Amino acid sequence: TLLILDFGSQYSHLITRRCREHNVYAELLPCTTKLADVKFQPKGVILSGSPYSVYDNDSPHVDPAIFDLGVPILGICYGLQEIAWNLGGEVSKCDHREYGSADITINKFGAGSVDSLFEGFGDEMRVWMSHGDQLSKPPPDFHVIGHTNSAPFAAIAHNSKPLYGIQFHPEVTHSPNGKAVIGRFILNICKCRQNWTMEEFIGKEIDRIREICGPRGRVIGAVSGGVDSTVAAKLMHEAIGDRFHAIMVDNGVLRLNEAKQVNEMLNKDLGVNLTVIDASELFLSRLEGVEDPEQKRKIIGNTFINVFEDEAAKIEAAAYEEEKNGAEAKGRVEWLLQGTLYPDVIESISFKGPSATIKTHHNVGGLLKDMKLKLIEPLRELFKDEVRALGRLLSIPAQLVGRHPFPGPGLAIRILGPVNRDQVKILQFADNIYIEEIRKAGLYDQIAQAFAVLLPVKAVGVMGDQRTYEQVIALRAVQSEDFMTADWFAFPPEVLRRISSRITNEVSGINRVTYDISSKPPATVEWL
Ligand code: XMP
C-alpha cells in the first residue's frame, strides 16, 4: 500500500486514482495523520499539493517521523516545499502565480543518464504547473533533476536517499507523462506490487464481509436502481446469500416503471432477496401542495426513513419468529448496508472537515440511529468507475452499470410546482421518451446526466384548429467529470427535433419543449 498525505489540494484524489490505475493500492489520509496511527506499512509516501503556503501561520505540516521511515517519499508542489521546509531548504513567493503548461528540462548526469524518476521521457517534458510559491534553495544533500525557465529547482532528489520533490502536478491529465512519472515512483522506486485489481478486490471484500458478519446475523440495505446500491447489494448477496435483505421503497417519484424493473433485475436476474414497498400514496400525500425544494427533500428523506424502519422491523420480527420456530437460525438484523464511495470518505476525513454543501443531498446517511444497526460499507474504498468495473464483473447488466445518476428525492425536484400523480405521470412519460431517444442516437454514454424537468407554467399552442394551453417541458443534459462543474451537452439538432416532436405528440398536457443551455456554475445540474 502506498500512503498519500493530503494537504488539501483539489487534485489530491487524482494522485490516488493514478496509483490505482497502475494497479497499486493507495490510501489518502489527512496530512496531519500521525504515523503511529497509520494502520498499514506504507511502501512509499506521496505528499500532495495544497492551497497553503508553507510559511503561513496555519499551514498544515506532516508528522516529521515520515522522514525516518526509510521508505521513498515524493513531494508534489506543496509537498516539495514541505520537504524543503522540513529538511532545511528555502521556499519563496513567485513574482506571479504560475498556472498552466510548462516544459521541464530533465537534467543529465555523467554519461547522459537522468534520475530514475525521469527515465524514459527524453530531454524535455510538458507538465502542468499551479503554484504561488516555489523552491528558492534546495535543502542540503539534494540535487536538481529537472528545471524550467522560471523554476530552476522544478524537480529535486536527495543525493543518497529516495526522497524526491517535483513542482509540477503529475496527477492531472494536462501533464501527458504524469501518470508514467507516478508509475516510475511507485513501481521502480517504491517497488509496490501491482495487485490492486477488481478481481482481487471482489475476493478480498467477500472474505471481509463474511468475517465481519460472522456465521449468523442479517444485513438490510436500501436499493434505488442506481449503480452503487445495486453493486453493493449484489456483493452482499455473493458474500452472505439470503441473510442479506434488500429493500426498495417506491416513493411515487421514481422514473417510469422503475420499481418493476429493479425488482426484475435484482430478484430474478441477480438472485438478490428484494422486497419492494409501494409507499407512493404516503409520499405523495405528504408532498401535497409543497413547492419549496428543500421542504420536498426533507419530506422525502424523513418519509423514507419511516418506511425503511418499518420494513426493517418487519424483517427483524420475521427473523425472530423463524428462530423461535427452530428454523435454521440466520440471526437477527445487525447490519445496515451503505453504498458509501471513496470520494465521500475522503470528503469526511479531510483535515479541513467536510466542505460546505450547497443543497442538502439526501442519502441514507444518518439513518436508523436508534435501531443500533452497525454500518457495513463494502464500496468505501472505491471510486465510481471502479464500482462500474466491479458491477461488470458481478454480471450486472451493462445498461445499469453505465446509468446516469438519479437524485434521492427523484422527480419531486424535477417537478417545479406541486407534486401529484398527474404531474408525475407527465414527467415520467416525457423523461422516458427523452432517454429512449438519447439511447437510440447512441449518445447516452457521452452524457453525464440527462433528464426532463416539468415547469409549472402554461403556454399557448395550436393543435389542428384548436388553441391549446398546456405545460412546458425543459430538457437538461450535461457533461461533467464530478458534477461540481458541468457544461450543457451540444445535441445534434435533428436529435432535439425528434425528442421535441415525440414529447409534444405523445405526452398529453405538454405543448412546448425547451432545451436548457446553462452551465454549472452559475446554474446547478438540477433545477431545484
Ligand atoms: P446539482 O443540482 O447540485 O447536482 O448541481 C449535482 C449532482 O447531484 C445530484 N443531486 C442530488 N442527489 N439528492 C441526491 O441524491 C439530492 O437532493 C440531489 N440534488 C442534486 C444531481 O442529480 C447531480 O447528479
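Atoms within each ligand, like the ligands themselves, are counted from 1 in listed order. On a predicted model such as this, the values are computed, not experimentally measured, just so you know. We use all heavy atoms of the structure for the numbers below, so side chains are in, but hydrogens, waters and symmetry mates are not.
When the heavy-atom distances from atom 23 (C) of ligand 1 to Lys296, Met484, Gln449 are ranked, the shortest goes to Gln449.
Checking Leu375, Ile240, Val219 one by one against Trp335, the side-chain contact (heavy atoms from CB on, under 4.5 Å) holds for a single residue, Val219.
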Please output the side-chain donor-acceptor pairs of residues 248-255 that fall under 3.5 Å, not counting sequence neighbours, one pair per line with the distance.
unit_1 : atom_1 : unit_2 : atom_2 : d
Asp250 : OD1    : Gly252 : N      : 2.9
Asn251 : OD1    : Val253 : N      : 2.9
Arg255 : NH2    : Glu258 : OE2    : 3.4

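With sequence neighbours excluded, no residue forms a side chain to side chain donor-acceptor pair (under 3.5 Å) with Thr33.
Less than 6.0 angstrom separates the ring centroid of His404 from the ring centroid of Tyr444.
At under 3.5 Å, not a single nitrogen or oxygen of Arg414, backbone or side chain, sits near a nitrogen or oxygen of ligand 1. Where the criterion is an N or O separation shorter than 3.5 Å, residue side chain and backbone included, Gly408 meets it with respect to ligand 1. Residue Leu528 has no nitrogen or oxygen atom sitting less than 3.5 Å from a nitrogen or oxygen atom of ligand 1, judged on distance alone.
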